[in-house]
Protein chains: 2
Amino acid sequence: MVRSDARENRARILQAAREALAEDGSASMNQIAQRAGVGPGTLYRNFPTREALALAVYQDEVERITGSVPELLAGMPPLEALRHWTTDLVEAMRRKHGLGDALSPGAHQAMSEQSYGPVIAAITQLLDAGKKDGSIRTDADPGDFLQLTGALWRAASGPEDRSPRMLALILDGLRTQPQR
Amino acid sequence: MVRSDARENRARILQAAREALAEDGSASMNQIAQRAGVGPGTLYRNFPTREALALAVYQDEVERITGSVPELLAGMPPLEALRHWTTDLVEAMRRKHGLGDALSPGAHQAMSEQSYGPVIAAITQLLDAGKKDGSIRTDADPGDFLQLTGALWRAASGPEDRSPRMLALILDGLRTQPQR
DNA sequence: ACGTTATGCGGAGACCTCTCCGCTTACTTT
DNA sequence: AAAGTAAGCGGAGAGGTCTCCGCATAACGT
């Protein structure tokens, strides 16, 4: 059974985090807890890491992005779809400050299936489409790709945005046929 | 003029950090300062970030790695040299806990030229050799490559080491001619 | 040798992350 | 309605990062 106050607290935390992160991307966990009117303990029990919180706050966005895969695949070849999708993802991560780190699974603990799963699933769909039509090498691994995406995010946050060039490089590595 | 006590303090900090990091890779900055017999302020004045300190401590190692480039290039084709070099780098970063983050320039501030430069220089040498003999595409950027190396490091720290597969992918992206 | 000066010291302290645990309280059972 | 119970709360606090600034003192001119 889920206690009613627990449900309300969770909602209030998400609301507070949404506001606080919108105002200041680097709002502290303490500030968010205070704003939500709960203790730090409650915040951390609901969201063990800052990343888990950020991911929950932006879950709509994550869903939007992961959900756009079929549409992309319908309208263009797999490799192009993958490029667009990844660009979208990186763009969203940059806009929503703090989301980026959430997608580096190896860094700390394995992310919860809940939030890490959909992203991997989306990548898997895209890669599989390319493997099926022969444009993407069959040994491409979704986890590897996500990991590299983390580097893209970091690159996009820098002064000069290297990410398009880096993405092109990665995609060329995924190809079966050279396109150069 | 450099004050003598300043010079000594810097040396003592490096010594203490070397020992402390050898014993426990996640030794706190405070612990290191205490061990060196200086205040936290002095530690942070000499090494603004944990990464700067780690890089200074392992500078020999960094020099060894960056210095091995000519030898590698003499003994094998550029792409192979690049693979070996990068594997070495990732391996060293994994062994010496805490070095890895130091090589992600975009993450926080631009790294000091002193420490970031040699690594970029080494990569530049390797890429240039490949560009010259036509095996590496001419638009390959050393900064991009370093950034991707950061992802490799993170990948190597995880439970399963994806880094060789990821490196292969990146190198295939750098190629001018397909090799598959 | 002796002031003068400004370089560098280092600890107090602001603020952070994250944990632990005694108390509160929503739900269940009778 | 009353009592039982365990889920959940939240604050105290341990330990961390990093800054600021009054004070000590090394280097220099005389």
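Below, read A as the first sequence line, B as the second, and so on, with proteins coming before strands; counting in each chain starts at 1.
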Asker: Within residues 39-47 of chain A, which residues have any heavy atom lying less than 4.0 Å from an atom of DNA chain D?
Answerer: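 A:Gly39, A:Pro40, A:Gly41, A:Thr42, A:Arg45, in order of number.
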Asker: Salt bridge (charged side-chain N to carboxylate O under 4.0 Å, His left out) with A:Asp128: which residues, sequence neighbours excluded?
Answerer: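 A:Asp128: no salt bridge (charged side-chain N to carboxylate O under 4.0 Å, His left out) contacts found.
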Asker: With sequence neighbours excluded, tell me which residues meet salt bridge (charged side-chain N to carboxylate O under 4.0 Å, His left out) with A:Asp5.
Answerer: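 A:Asp5 satisfies salt bridge (charged side-chain N to carboxylate O under 4.0 Å, His left out) with A:Arg3 only.
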Asker: Any side chain to side chain donor-acceptor pair (under 3.5 Å) involving residues 67-81 of chain A? Give me the pairs, sequence neighbours left out, ordered by first then second residue.
Answerer: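 For residues 67-81 of chain A, and leaving out neighbouring residues, the side chain to side chain donor-acceptor pair (under 3.5 Å) pairs sorted by first residue read A:Glu80-A:Arg83.
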Asker: Identify every side-chain donor-acceptor pair in residues 36-46 of chain B under 3.5 Å, counting partners at least two apart or on other chains, and give the distances.
Answerer:
| residue | atom | partner | partner atom | Å |
| --- | --- | --- | --- | --- |
| B:Asn46 | ND2 | B:Thr42 | O | 3.0 |

Asker: How would you list, by chain and number, every residue that makes a side-chain hydrogen bond (donor to acceptor under 3.5 Å, both in side chains) with A:Arg18, sequence neighbours excluded?
Answerer: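 Not a single residue meets the side-chain hydrogen bond (donor to acceptor under 3.5 Å, both in side chains) criterion with A:Arg18.
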Asker: Give the residues of residues 29-38 of chain B touching DNA chain C, defined as any heavy atom closer than 4.0 Å, sorted by residue number.
Answerer: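 Heavy-atom cutoff 4.0 Å gives B:Val38.
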Asker: For chain B and DNA chain D, what are the first and last nucleotides along the strand, 5' to 3', with at least one atom under 4.0 angstrom from a heavy atom of the protein chain?
Answerer: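 That gives a stretch of D:dG16 to D:dC28.
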Asker: With sequence neighbours left out, which residue pairs that include part of residues 20-30 of chain B fulfil the salt bridge (Lys or Arg N to Asp or Glu O under 4.0 Å) condition?
Answerer: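 For residues 20-30 of chain B: B:Glu23-B:Arg35.
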Asker: Residues two or more places apart in sequence or in another chain: which of them pass salt bridge (charged side-chain N to carboxylate O under 4.0 Å, His left out) with A:Arg165?
Answerer: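 Expected list: A:Glu160, B:Asp141, B:Asp144.
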Asker: Taking distance alone, no hydrogens or angles, what donor-acceptor pairs closer than 3.5 Å link side-chain atoms of residues 120-127 of chain B to residues at least two apart or in another chain?
Answerer:
| residue | atom | partner | partner atom | Å |
| --- | --- | --- | --- | --- |
| B:Thr124 | OG1 | B:Ile120 | O | 2.7 |

Asker: Please name all residues satisfying salt bridge (charged side-chain N to carboxylate O under 4.0 Å, His left out) with A:Glu8, sequence neighbours left out, ordered by chain then number.
Answerer: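 Checked A:Glu8 against salt bridge (charged side-chain N to carboxylate O under 4.0 Å, His left out); zero matches.
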Asker: Pairing donors with acceptors under 3.5 angstrom, does anything connect the side chains of A:Ser28 and A:Asn30?
Answerer: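 No, no side-chain donor-acceptor contact under 3.5 Å.
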Asker: Want to settle it: does B:Arg7 or B:Ser28 sit nearer the 5' end of DNA chain D, counting the closest nucleotide to each?
Answerer: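 This one resolves to B:Ser28.
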